[in-house]
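These notes are about the structure you will find just below.
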Amino acid sequence: MNSYFKNILQAIKTTWKGFQVTFSHFRKAFRKQKPVFITENTYFQQNTGRVTLEYPKEKLPTPEIGRYKLYNEIDDCIVCDKCAKICPVNCIEIEPIKATEEFGKTSDGTSKRIYAAKFDIDMAKCCFCGLCTTVCPTECLIMTDEYDYTVSDITLHNFHFANMSQAEIAEKKALYEKYLQEKEETKKQTAKEKTQKEHHQTESKDKVVFKPKFKPKS
Ligand code: SF4
Ligand code: SF4
């Protein structure tokens, strides 16, 4: 009989203990961990509370040196093509149009002489090596901390940075064509003038100069 009541008491004790453990976790579950950056000392000390973030309202801080989505500040781009050349997967496509003269400066004072009719980066192909950002002379090509750019159509991962209208592209192309034609005509004209001058000089050399001959007096 004694052991019967002892067992009941033991059951109540263990049930109570179980409830205590459950309720302590239940209470902690309502507390929430603060999203802290991995370099902070408290990062690994936060071992209680919910770790789930209410994304996208809340986001974990991302490291400054992270490689996420490329961005080109096109106004500072001199369309030098270095980024496209170094890209190991050819995901940068540039269509340059040469200007006939300097048409502006970047924010670091570099002259702009080439327009970008097209500047596309296909992030679906990008392997995030970051090489393009290291060779950019004006530092206009950067990796941003934007990591969520989910799309339903993969072609939407091809981002366009050029900001010229079709009319502007046509105008700048025509201007450069005209400049090339004028240059070619000037070249032809100079060559023609040179040939004429040389011809004239040869003619003058070959011309028989009249030299009166005098008979020797006998
Ligand atoms: S990060 Fe690498 S793969 Fe991506 S665009 Fe730049 S060079 Fe190409
Ligand atoms: S390397 Fe920089 S400046 Fe040159 S084309 Fe690429 S983004 Fe533009």
Side-chain angles (χ1 to χ4, degrees), residues 28-99 102-166 168-169 172:
K28 281 175 192 168
F30 278 93
R31 276 212 316 262
K32 212 171 144 197
Q33 289 186 9
K34 278 189 205 148
V36 291
F37 197 50
I38 194 155
T39 52
E40 285 181 38
N41 294 335
T42 55
Y43 186 81
F44 291 105
Q45 287 163 14
Q46 293 197 107
N47 46 16
T48 55
R50 266 189 296 144
V51 292
T52 318
L53 292 176
E54 288 176 27
Y55 187 84
K57 268 197 291 178
E58 287 175 313
K59 288 181 187 176
L60 272 180
T62 48
E64 275 177 29
I65 51 164
R67 295 172 188 176
Y68 302 101
K69 184 180 165 196
L70 282 163
Y71 172 74
N72 186 13
E73 180 54 60
I74 199 74
D75 289 341
D76 281 343
C77 176
I78 55 169
V79 199
C80 66
D81 209 35
K82 286 188 178 177
C83 53
K85 279 198 183 100
I86 203 158
C87 178
V89 292
N90 296 329
C91 64
I92 303 180
E93 265 189 55
I94 302 174
E95 188 189 331
I97 307 173
K98 281 187 185 167
E102 180 189 309
F103 62 88
K105 289 204 185 290
T106 60
S107 56
D108 68 356
T110 314
S111 298
K112 290 170 77 174
R113 292 173 186 276
I114 306 174
Y115 297 102
K118 179 182 182 183
F119 196 111
D120 293 355
I121 305 179
D122 193 346
M123 293 306 294
K125 290 186 197 163
C126 178
C127 65
F128 302 92
C129 64
L131 286 173
C132 53
T133 60
T134 59
V135 293
C136 180
T138 59
E139 294 179 1
C140 64
L141 190 60
I142 52 164
M143 281 282 186
T144 64
D145 62 0
E146 194 183 340
Y147 56 84
D148 183 0
Y149 43 99
T150 321
V151 287
S152 53
D153 177 358
I154 200 161
T155 58
L156 298 175
H157 267 169
N158 194 16
F159 295 96
H160 314 293
F161 294 96
N163 54 8
M164 291 175 82
S165 67
Q166 286 306 314
E168 279 174 322
I169 293 171
K172 302 303 176 199

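Counting begins at 1 with the first residue of the sequence. As the structure is a prediction and not an experimental result, all values here were calculated from the model.
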At their closest point, which heavy atom of [X] faces which heavy atom of [Y], and how far apart are they?
X      : Y      : answer
Asp145 : Tyr68  : CA-CD1, 3.6 Å
Ala117 : Ile97  : CB-CD1, 3.7 Å
Thr110 : Asp108 : OG1-OD1, 2.7 Å
Lys105 : Glu102 : NZ-OE2, 3.3 Å

Could you give the distance from [atom1] ([X]) to [atom2] ([Y]), rounded to the nearest 0.5 Å?
X      : Y      : atom1 : atom2 : result
Asp120 : Cys91  : CG    : SG    : 10.5 Å
Leu131 : Ile86  : CG    : CD1   : 5.0 Å
Ile94  : Cys77  : CD1   : SG    : 6.0 Å
Ile78  : Cys140 : CD1   : SG    : 8.0 Å
Thr133 : Asn72  : OG1   : CG    : 11.5 Å
Leu70  : Thr144 : CG    : OG1   : 7.5 Å

Is the closest side-chain heavy-atom distance between [X] and [Y] below 4.5 Å?
X      : Y      : answer
Phe161 : Tyr71  : yes
Pro56  : Asp148 : no
Ile114 : Asp81  : no
Cys132 : Ile92  : yes
Asp122 : Val89  : no

Practice prompt. Using modelled atom types only, decide if a donor and an acceptor are shared between the side chain of Lys85 and the backbone of Cys80 within a distance under 3.5 Å.
Written response: no

Discussion item. I'd like to know if the side chain of His157 reaches the main chain of Lys125, judged simply by a donor and an acceptor atom lying under 3.5 Å from each other, with no hydrogens or angles considered.
Written reply: no

Discussion item. Could you check whether atom CG of Asn41 has more than 12 heavy atoms from other residues, nucleotides or ligands sitting under 6.0 Å from it?
Written reply: no

Practice prompt. Give a yes or no on whether Leu156 atom CG has more than 12 heavy-atom contacts from other residues, nucleotides or ligands under 6.0 Å away.
Written response: yes

Worksheet item: Can you tell me if Thr138 and Asp76 form a side-chain donor-acceptor pair at under 3.5 Å?
Response: no

Worksheet, complete the sentence: So the ring-ring contact (aromatic ring centres under 6.0 Å, His included) pairs with at least one residue in residues 115-141 (sequence neighbours excluded) are Phe103-Tyr115

Discussion item. Holding to salt bridge (Lys or Arg N to Asp or Glu O under 4.0 Å), I want the full list of residues that pass it with Glu146, two or more places apart in sequence or in another chain.
Written reply: Lys69

Practice prompt. Return the set of residues passing salt bridge (Lys or Arg N to Asp or Glu O under 4.0 Å) with Glu93 (not counting sequence neighbours), or none when no residue passes.
Written response: Lys118

